[in-house]
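Keep in mind the model is a prediction, meaning the values are calculated, not measured. Position 1 is the first residue of the sequence, and the numbers go up from there. Counting convention: from 1, in listed order, for ligands and their atoms alike.
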Amino acid sequence: MATGFVFHELYMWHNTWNWAQVFPPSLTVQPGEHAENPESKRRLRNLLEVSGLLDHLTPIKPRYATEDEIARFHTRPYIAKIKALSTENGGEASALTPFGRGSFEIAQLSAGGTMAAFDAVIEGRVKNAYALVRPPGHHAEADVGMGFCLFGNVAIAIMHAQKVHGLGRIATVDWDVHHGNGTQAAFYGRKDVLTISLHQDNLYPPNSGAVAENGAGEGAGYNLNIPLPPGCGNGAYLAAFERVVLPALRKYKPDLIVVPSGFDASGVDPLGRMMVSAEGYRQMTRLLMQAADELCSGRLVMSHEGGYSQMYVPYCGLAVLEEMTGIKTHIDDPWAEPMSTWGQQDLQPHQAAAIDAAAAMLERIR
Ligand code: ZN
């Protein structure tokens, strides 16, 4: 069965201005390009076209999430604030997160694109789906946008799926190199959503994403953080899947698996210090597809988050979509050979210790 793909040109028009990486231009910072700009996403879409894989994807048309749908997660004052600023000349959701005129509507289309991907998978129109949306969402909390994120695309889509489609249990596996704090916060007190985040230890947001953040009340045990030391390669990530992610999914038995998909754990990302390759992302995708086949009729949705290497994000994304479709194109990963010679890509003892600390929390899942 088919793989769905969400994209819209307007995603590329969300304006993050002439910041230099993550700093606003000033008399001491030369104007430049914001880290979260369209290019890595546009080049991924372009590589899908050039590889021919785009012809095999089922286009899913995004729609605008309504304010009521967004308000299932976000507060009305926060939604009103973003809307008002966006109607003028833009502003900042908080530090790091500038936006321009019209970004409110584009963020509605980003959340709505993720919701459309959910709809297509849940209604059986496609087997799985990838939403190449922008702005990203996993850092946004109920009353504040942060980390380049305005609205929590995945959180909003999960609430939609449970409210409108009556879905029971949903599990997230966030492989973005930063902590998925917004998704965690959205469901921290609930056990009908299992949130799992693999991330570089205490990278962003500050003081966020510890193993001890394990859910509260009804949700105690249903938030799993896997903070990894910098320098982890495919070996550590696959070990984290084998020892924590897959056992957690098998215990939890979700009705759908969703990946907040960031490619900033790659070996050449400017905002992360990990060494995952396109092949690593391919293998993680394969493991999640096997789990989804086993547990929830293959239902797997990915929603794009971070990834700041303009050159490399497209190859990581292509590998994921090749795996989701089962179609291998003629495009090779140019980084595969040079990256393969880098040291310590196998699981290292200190990495195994960090993974085992997270695995100790598995017993709390019922
Ligand atoms: Zn990230």
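Residues Tyr281 and Trp175 meet the side-chain proximity criterion, which asks for heavy atoms closer than 4.5 Å.
Closer than 2.8 Å to the Zn ion (ligand 1) sit the protein N, O or S atoms Asp176 OD1, Asp176 OD2, His178 ND1, Asp264 OD2.
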Without placing hydrogens or testing angles, list every side-chain donor-acceptor pair under 3.5 Å for residues 288-298, not counting sequence neighbours.
residue	atom	partner	partner atom	Å
Asp293	OD1	Lys127	NZ	3.0
Glu294	OE1	Arg250	NE	3.4
Glu294	OE2	Arg250	NE	2.9

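Listed by chain and number, the residues in a salt bridge (charged side-chain N to carboxylate O under 4.0 Å, His left out) with Asp346 amount to none (sequence neighbours excluded). In this structure Ala2 satisfies the side-chain contact (heavy atoms from CB on, under 4.5 Å) test together with Thr58, Val126, sequence neighbours excluded.
Results of the salt bridge (Lys or Arg N to Asp or Glu O under 4.0 Å) test with Glu9 over Arg45, Arg42, Arg134 single out Arg42 as the only residue that passes.
Ring centers of His165 and His160: under 6.0 Å apart, within the cut-off.
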